[in-house]
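What follows is one structure encoded as structure tokens, with my remarks underneath.
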Amino acid sequence: MDYDRYDRVRAVQWRGDHLHLLDQRLLPQEERWIACRDAAEVTQAIRDLAVRGAPAIGIAAAWGVVLAAQQGRVLDEALAMLRAARPTAVNLMWALDRMKARIAAGADAQMLEREAQAIQDEDLAANRRMGGLGAALIAPGSGVLTHCNTGSLATAGFGTALGVIRAGVAQGRIERVYAGETRPWQQGARLTMYELVRDGIPAKLIADSAAAHLMKSGAVQWVIVGADRIAANGDTANKIGTYQLAIAAKHHGVKFMVAAPSSTVDMATASGAAIEIELRDPTELLGIGGRRVVVEGAEAWNPVFDVTPANLIDAIVTERGVIERPDAAAMSVLFGA
Ligand SMILES: CSC[C@@H](O)[C@@H](O)C(=O)COP(=O)(O)O
């Protein structure tokens with residue numbers, strides 16, 4: 001497959017002495033790049049969603065450790081600061097644990113640079129492999145609905161769920177693509193539509209609240225999403241709204257696919273009940289695009305992830321293979337010790 005036709009955005013770029021990030025808060029109106037010159041700036045970029053998406057924040061954090069090493073900082077402090085940037089996506093902890101193991105083995109800044117590059121390169125390869133594996137599950141003529149942004153912007157490139165969609169479109173299996181807007185940060189509206197339009201893949205944006213109505217119409221056969229953490233029993237944390245999509249999909253006989261690299265699988269967490277769900281500032285919900293729309297004095301509750309139970313998932317697609325009807329036993333076949 002000609003992946004390069006679909007794979008042009010590289011939002012996380014290492015420049016030897018700083019990390020170059022495409023600021024995802026401003027897309028698509030503005031393509032502005034920011035330079036992170038130390039681990040604290042990388043931490044802030046992750047916390048403020050300048051870089052976002054589970055694999056991308058893990059990759060960015062690894063480069064944050066490289067910056068700390070180049071500057072002779074106390075690496076334990078840098079690791080702890082980066083680790084605390086966001087709680088739900090386990091790729092962050094996974095990448096930092098990988099860097100920590102290299103530090104423990106005596107790696108210098110140059111060796112850490114090679115490790116961060118390996119983390120980034122492996123993510124791109126995993127996404128390309130998942131794209132093919134996931135697309136193979138989709139019957140020709142299908143329509144799909146995705147949520148949030150899981151594309152090149154959220155990863156080293158190509159994407160997880162969006163990678164499956166790219167591969168499925170390229171293979172002529174997917175005929176209709178719908179993207180939910182993903183309130184409150186609008187990752188679907190701002191970022192997924194940006195990637196799809198750049199790729200020339202015809203797609204329609206829907207309001208998050210239109211999903212069940214769309215499913216009832218018969219236009220979609222699969223919901224395809226990414227993940228921020230997959231527990232040992234297959235329960236999956238992903239962007240808020242994913243759980244209600246899975247419930248609606250089950251009701252309408254629409255299949256539900258999770259696409260994620262093995263760096264998103266957390267076998268140390270038994271089930272979704274133990275996954276910490278990030279709560280963000282309620283003001284994110286009280287406005288649109290930074291402009292207040294809700295009356296002053298109103299309150300809001302703003303959890304930004306939810307957990308979809310494994311029994312609502314038809315397939316978890318990873319670069320190691322596909323797990324159909326996931327449960328603890330099926331997960332341990334690919335991810336057991
Ligand atoms: C390949 S990205 C998978 C997930 O990280 C994605 O679906 C998601 O929930 C991102 O949330 P975000 O808050 O934008 O970092």
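Remember, it's 1-based here, ligands and their atoms both numbered in the order they're listed. Numbering starts at 1 and runs along the sequence shown.
Glu195 and Asn149 share a donor-acceptor pair across their side chains, judged by distance under 3.5 Å alone. Checking Gln221 against Arg176 by side-chain atom types alone, a donor-acceptor pair falls below 3.5 Å.
Assignment of Phe305 to the shell around ligand 1 is supported, since a heavy atom sits closer than 4.0 Å. Heavy-atom separations between His147 and ligand 1 are all 4.0 Å or longer. At least one heavy atom of Thr155 sits less than 4.0 Å from an atom of ligand 1.
Remark: Trp14 engages Trp63 in a ring pair (Phe, Tyr, Trp, His ring centres under 6.0 Å) (not counting sequence neighbours).
Regarding atom 5 (O) of ligand 1, its nearest protein heavy-atom neighbour is Ala54 N, 2.8 Å. Protein heavy atom in closest approach to atom 2 (S) of ligand 1: Ala154 CB, 3.7 Å. At the shortest separation from atom 1 (C) of ligand 1 among protein heavy atoms lies Thr160 OG1, 3.1 Å. Nearest to atom 4 (C) of ligand 1 among the protein's heavy atoms is Asp228 OD1, 3.1 Å. At the top of the distance list for atom 11 (O) of ligand 1, counting protein heavy atoms only, stands Lys239 CE, 3.3 Å. Distance from atom 6 (C) of ligand 1 to its nearest protein heavy atom, with residue and atom name: Asn238 OD1, 3.4 Å.
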Do any side-chain atoms of residues 244-252 form donor-acceptor pairs under 3.5 angstrom with protein atoms, and if so which ones, sequence neighbours left out?
residue: His252; atom: ND1; partner: Ala248; partner atom: O; Å: 2.8

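The 12-atom threshold is exceeded at CZ of Arg292, counting heavy atoms of other residues, nucleotides or ligands nearer than 6.0 Å.
Between Asn149 and ligand 1, not a single N/O pair is under 3.5 Å apart.
For the residues Gly241, Ala237, Ala227, the heavy atom positioned nearest atom 3 (C) of ligand 1 is part of Ala227.
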